[in-house]
Trainee: 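What follows is a single structure, and I will ask about it in a moment.
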Amino acid sequence: MNKKRRMFVRMVTASLVRRRSRMIVALLAIIVGATILSGLGMIYFDVPRQMSAQFRSYGANIIFTPSDDGYIDKDSLEKGISCFSKEQLEGYTPYRYENTSIHNIPVTLAGTDFSGVLKTSPYWHINGSMPSSDGEALIGAKAAEKLGISVGDSISAQNSFEVTDETDLTGIPDYEIYTDPETGEKYCDHMLELKAAGILETGGSEEEYIYVTLADIQSLTLSDRGYDIVEVSVAAMQDELKDYLKQVGEKTPDISARLVKRVTASESTVLTKLEALVLIVTIVVLALTMICVATTMTAVIAERRKEIGLRKALGAQNSSIMAEFLSEGLVLGGVGGIAGSLLGFVFADIVSMNVFSSPITFRPLLLPITIAASVIVTGLACMIPIKSAVEVDPALVLKGE
Amino acid sequence: MSLLELKDVSKVYGELHALEKANLKVDKGEWIAIMGPSGSGKSTMMNIIGCMDRPSSGQVIFDGRDITKESRKKLTEFHRDKIGLVFQQFHLINYLNAVENVMVAQYYHSMPDEKEALEALERVGLKDRARHLPSQLSGGEQQRVCIARALINSPELILADEPTGNLDEANENIVLDIFRQLHKEGTSLIVVTHDPEVGEVAQRIVRLDHGKIISDKKNESFSEGE
């Protein structure tokens, strides 16, 4: 570095370090601006992910059904589920429905995986508790009312099926065989003893079913036939979900996957509006911040009019003075941008924790963007007052006029 | 040989004639005091000589060159190369220390050199205060830094505007001794002052009143050895 460049650096450094009380004011303005830019940027880009996760409390957004009259077997389900990203897959719940009777009243039993239900139907309201083991049942509120069942009651579910060979029933407990007097056909009444662990209230059709474990329904029907329906909850936007559906269709032709339109469409609408809102707020705040930074830099430069006049009196060209002052501004912009982009992440994380109760995703690309924006905004904010300041008449300024 | 010549130089601000047909010739190595009451046109004349202002009419010939016709950029370059300025208010950059303040003048002139800047401070007796900020220096010391800054580029003319206006007697004497030394070394000096004691030590005294030169006399009491 030659002597001239070294002196340039020395002057800029001295101005920044020895005038720190003044520079801190400008730096704070820049840091606040950069923090808001970086923070709102991170929030803006994280809103879809955060909101998708929030929307999952509305229930599953994808339904798998068999593409023909059959059922969804375990292998197909695993293949279908493997199409989703592990980060986005909130959970899935298979359901198998069987018509049975309790106290001789027909009722539909739904076999399911209760650990999955917690993820795909977090809105379910249960009086009592969720079944935690085989032999326990969750009774839909309407079914409970129809059957007169309360939490803790024991119930006996009955499944009747034709028996062709009694040896098939070897090892099965709790069954009775009877013969239809008109047709002479033999039937088996297989019984399953259940305990009502909880009563389910959803306000929907779920209240009409009795939910048991998949093992229980298999035991009652003596069959492992696969699932009628699978509810899948994926934290993704509508377009991404459509891509997933396409993949599932290609990978598992025996599964028909479709979106739960009422959920995905309303999610999409709310999210679009929310994104627009955050974008507008970001732009307005950014504009206000730019004005704030520009005002601060104008004040900082205006109070150095005399120094500019002196430099001109010492023979400085306007371009030289502009380069010095602009460099100070750019250094401030860079330092403020670095500090602001990191503080912005902290700010966004605090907002996210308070609003969404989950941490923000750090987006490294926003760091250079924030630093560049901070440098550019500070540079522009400096240019206007510098340009007018270098036009001063040194004679007048040095006379104090 | 004449270093500077003002030929019928006038400066008009609207209705006000700040300077009216001023004629002045300054020889190389000469020490001139420009005196007069406030509003007499001293500062206007200084600004024109110092290339910080242009006359409304007339010619300013500096080192054989008519500088009234020069572009602003050329004028800045010319002033930077030929003239050293000393101000009443010192006008040091408050965040640069003494030696850096001197180096600023080098920076805009040619190439900063800390060793030369320290030598310039030594000439005005401030080498040991080189690393002090202006706020840590007395008024007299600040004015000496200002003189060192004016000297650093070896200008042909030192133009001082009320150089002792803000100093006590002791510091005034130090500054005048420095001027005497510079004069002995052959530097041309124009000192604008309203202080008779400062004017009396110059080789020649030019008096202004209402924008006109009313007298231009050799100082009979001038002595090189004083």
Side-chain angles (χ1 to χ4, degrees), chain A residues 1-27 300-301 303-325 327-328 331-332 387 389-401, chain B residues 11 13 43-44 46-54 72-97 99-117 133-135 146 149-150 152-153 155 159 161-162:
Chain A
M1 196 164 23
N2 69 25
K3 285 181 177 178
K4 196 145 191 163
R5 206 165 291 168
R6 219 176 308 159
M7 184 63 193
F8 178 87
V9 173
R10 197 167 168 176
M11 285 193 293
V12 171
T13 311
S15 174
L16 292 170
V17 174
R18 295 187 191 142
R19 296 175 67 246
R20 52 182 169 271
S21 58
R22 291 274 185 239
M23 288 302 172
I24 282 170
V25 175
L27 189 60
V300 166
I301 288 164
E303 69 181 17
R304 295 172 74 186
R305 250 179 110 236
K306 197 172 253 185
E307 184 191 328
I308 292 170
L310 171 70
R311 286 178 185 273
K312 289 189 80 170
L314 292 176
Q317 299 289 359
N318 288 356
S319 57
S320 179
I321 297 171
M322 284 174 77
E324 287 151 32
F325 279 61
S327 298
E328 287 179 23
V331 170
L332 282 179
K387 272 194 120 178
V390 294
E391 295 305 324
V392 296
D393 181 345
L396 292 178
V397 172
L398 297 177
K399 276 280 169 197
E401 289 171 31
Chain B
K11 182 70 184 181
Y13 297 105
S43 295
T44 305
M46 178 181 158
N47 289 339
I48 289 171
I49 295 169
C51 304
M52 290 190 284
D53 203 354
R54 287 173 191 274
R72 197 171 171 161
K73 195 180 171 190
K74 288 267 178 203
L75 208 57
T76 303
E77 285 171 6
F78 185 81
H79 139 235
R80 188 178 61 197
D81 295 343
K82 305 277 182 184
I83 301 165
L85 294 168
V86 178
F87 308 98
Q88 181 181 2
Q89 306 289 341
F90 324 133
H91 293 309
L92 299 177
I93 297 172
N94 58 8
Y95 56 85
L96 298 181
N97 62 30
V99 72
E100 287 166 345
N101 263 289
V102 177
M103 288 167 75
V104 168
Q106 288 179 306
Y107 174 77
Y108 293 123
H109 178 265
S110 48
M111 194 60 79
D113 187 320
E114 191 160 359
K115 195 167 158 269
E116 280 179 19
L133 292 171
S135 58
C146 187
R149 182 178 65 191
I152 190 69
N153 296 321
L159 195 55
D161 182 17
E162 302 281 6

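Just so we're on the same page: letters track the sequence lines, and every chain starts at 1.
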Trainee: Around atom NZ of A:Lys387, are there more than 12 heavy atoms of other residues, nucleotides or ligands at under 6.0 Å?
Mentor: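 No, NZ of A:Lys387 has 12 or fewer neighbouring heavy atoms, counting only those of other groups under 6.0 Å.
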Trainee: Need one label for A:Ser320: side chain, backbone, both or neither, based on atoms under 4.5 Å from any heavy atom in chain B.
Mentor: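 Only the side chain of A:Ser320 comes within 4.5 Å of chain B.
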Trainee: Below 4.5 Å from any heavy atom of chain B, which atoms of A:Asn318 appear? Answer side chain, backbone, both or neither.
Mentor: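 Contact with chain B: none, neither part.
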Trainee: Let's test your reading of the structure: which of B:Glu100, B:Met103, B:Met111 forms the most heavy-atom pairs below 4.5 Å with chain A?
Mentor: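 The option with the most such pairs is B:Glu100.
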Trainee: Who wins among B:Gln106, B:Gln89, B:Arg149 for the most heavy-atom pairs under 4.5 Å with chain A?
Mentor: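 The option with the most such pairs is B:Arg149.
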Trainee: Quick one: what part of B:Leu75 sits under 4.5 Å from any heavy atom of chain A, side chain, backbone, both or neither?
Mentor: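 Answer is neither: B:Leu75 stays 4.5 Å or more from chain A.
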Trainee: So that I can tick it off, tell me whether A:Arg304 and A:Glu324 are bridged by a salt bridge, with the cut-off set at under 4.0 angstrom between side-chain N and carboxylate O.
Mentor: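 A:Arg304 and A:Glu324: not salt-bridged.
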Trainee: If we ignore hydrogens and angles and just use 3.5 Å, is the side chain of B:Asp113 paired with the main-chain N or O of B:Lys115 as donor and acceptor?
Mentor: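 Yes, B:Asp113 side chain to B:Lys115 backbone: donor-acceptor pair under 3.5 Å.
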Trainee: Around A:Arg22, counting heavy atoms of other residues, nucleotides and ligands shown, do more than 12 lie under 6.0 Å from its CZ?
Mentor: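 Open: at most 12 neighbouring heavy atoms sit under 6.0 Å from CZ of A:Arg22.
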Trainee: Is any side-chain N of the basic residue among B:Glu114 and A:Arg6 closer than 4.0 Å to the acidic one's carboxylate O?
Mentor: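 The answer is no: the pair does not qualify as a salt bridge.
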Trainee: Quick check on B:Asn97 against chain A: is it the side chain, the backbone, both or neither that has a heavy atom closer than 4.5 Å?
Mentor: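 For B:Asn97, the contact with chain A is made by backbone and side chain together.
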Trainee: Counting heavy-atom pairs under 4.5 Å with chain A, which one of B:Phe87, B:Phe78, B:Tyr95 comes out on top?
Mentor: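 Counting heavy-atom pairs under 4.5 Å, the top option is B:Tyr95.
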Trainee: Going by an N to O cut-off under 4.0 Å, is there a salt bridge joining A:Glu307 and A:Arg311?
Mentor: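 Salt bridge: yes.
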Trainee: Contact part of B:Leu85 toward chain A, heavy-atom cut-off under 4.5 Å: side chain, backbone, both or neither?
Mentor: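 Side chain only.
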